[in-house]
Each structure stands twice: as structure tokens, then as C-alpha cells.
Amino acid sequence: MIRAKLLILPKTGVFDPQGETLRRALIQQGLVETQSVRVGKEIVIELQDADEERLKKKVEEVAKNFLANPVIEQYEIQWERKEQ
């Protein structure tokens with residue numbers, strides 16, 4: 001089995017209202033050293049073993065065109081091979 005972990009975050013310079021709200025809350029909780037917080041999402045996709053190169057291209061395409069908004073978000077994909 002192959003696992004794709006997608007981490008999607010707002011692009012640098014794009015205002016992140018959830019991150020800013022969380023940053024203020026962390027400071028109120030005593031973590032006064034907090035400089036910035038970015039809030040995103042993690043999507044984990046498990047795939048059956050098949051043509052690995054085809055899967056990677058397809059997941060990249062789906063991430064770029066469907067899961068992330070390329071105007072305001074950036075993403076990275078981490079690949080893991082999981083034994084069944």
C-alpha cells in the first residue's frame with residue numbers, strides 16, 4: 001500500500017484569519033513567544049499498489065486542480081510505503 005500525505009497551507013503573504021486567531025489565543029494562554037501561526041489541512045490518501053509513477057502523477061494532478069486552491073494555497077506531498 002502506498003500512502004500520500006498532503007499538507008496544504010496558505011501561501012506566504014496570504015492573510016490567514018484562522019492562524020491569526022490561533023496566534024492571539026496562544027499568546028493569551030501564556031505562549032507569548034508566538035510569532036506566527038499558519039492553519040492548513042492534512043489529507044491522507046491510501047492507495048493500492050499499482051503503477052507508482054502513474055499514481056504519483058495522478059495525486060499531484062488532483063492536489064493541484066482539486067484539493068488545493070493554487071491562487072492562495074501551497075501544498076507538499078509526502079509519500080510512504082506501508083506494508084499490509
To the nearest 0.5 Å, how far apart are [atom1] in [X] and [atom2] in [Y]?
X	Y	atom1	atom2	result
Leu55	Glu53	CG	CD	9.5 Å
Gln74	Thr12	CD	OG1	5.0 Å
Asp51	Lys58	CG	NZ	13.0 Å
Gln29	Thr34	CD	OG1	10.5 Å
Leu22	Arg38	CG	CZ	12.0 Å
Asp16	Thr21	CG	OG1	8.5 Å

Contact summary for [X] and [Y], nearest pair of heavy atoms:
X	Y	answer
Ala63	Ile77	CB-CD1, 4.3 Å
Ile72	Val14	O-CG2, 3.9 Å
Ile8	Ala68	CG2-CB, 4.1 Å

Answer yes or no: is there an ion pair linking Glu42 with Lys5, defined by an N-O contact shorter than 4.0 Å?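 The answer is no: the pair does not qualify as a salt bridge.
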Whether Glu73 and Lys11 form a salt bridge (side-chain N of Lys/Arg under 4.0 Å from carboxylate O of Asp/Glu) is what I want to check.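 No, no charged N to carboxylate O under 4.0 Å.
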Between Arg81 and Glu52, is the side chain to side chain contact (heavy atoms under 4.5 Å, CB included) condition met? List the steps. CA-CA 10 Å; Arg81 180 165 291 282; Glu52 192 170 328; 2.5 Å; yes
Test side chain to side chain contact (heavy atoms under 4.5 Å, CB included) on Leu47 and Val59; report intermediate values, then the result. CA-CA 10 Å; Leu47 304 150; Val59 169; 3.9 Å; yes
Under 4.5 Å between side-chain heavy atoms, counting indirect links through other Ile/Leu/Val/Met/Phe/Trp/Tyr residues: same cluster for Leu31 and Val39 or not?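 Yes, Leu31 and Val39 fall within the same hydrophobic cluster.
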State yes or no: do Ile2 and Tyr75 share one hydrophobic cluster built from I, L, V, M, F, W and Y residues joined by side-chain heavy-atom distances below 4.5 Å, directly or via other members?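 Same cluster.
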For atom CD of Glu20, decide whether the heavy atoms of other residues, nucleotides or ligands shown that lie under 6.0 angstrom number more than 12.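 Check passes, neighbour count above 12.
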Does CZ in Phe66 sit with more than 12 non-hydrogen atoms of other residues, nucleotides or ligands closer than 6.0 Å?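 Counting other residues, nucleotides and ligands, CZ of Phe66 stays at 12 neighbours or fewer.
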Between Gln78 and Leu7, is any pair of side-chain heavy atoms under 4.5 Å apart?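 They are not in contact (no side-chain heavy atoms under 4.5 Å apart), so the answer is no.
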Just checking, Lys56 and Trp79: is the charged tip under 6.0 Å from the six-membered ring centre and within 45° of the axis?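 Geometry flag: set, cation within 6.0 Å and 45°.
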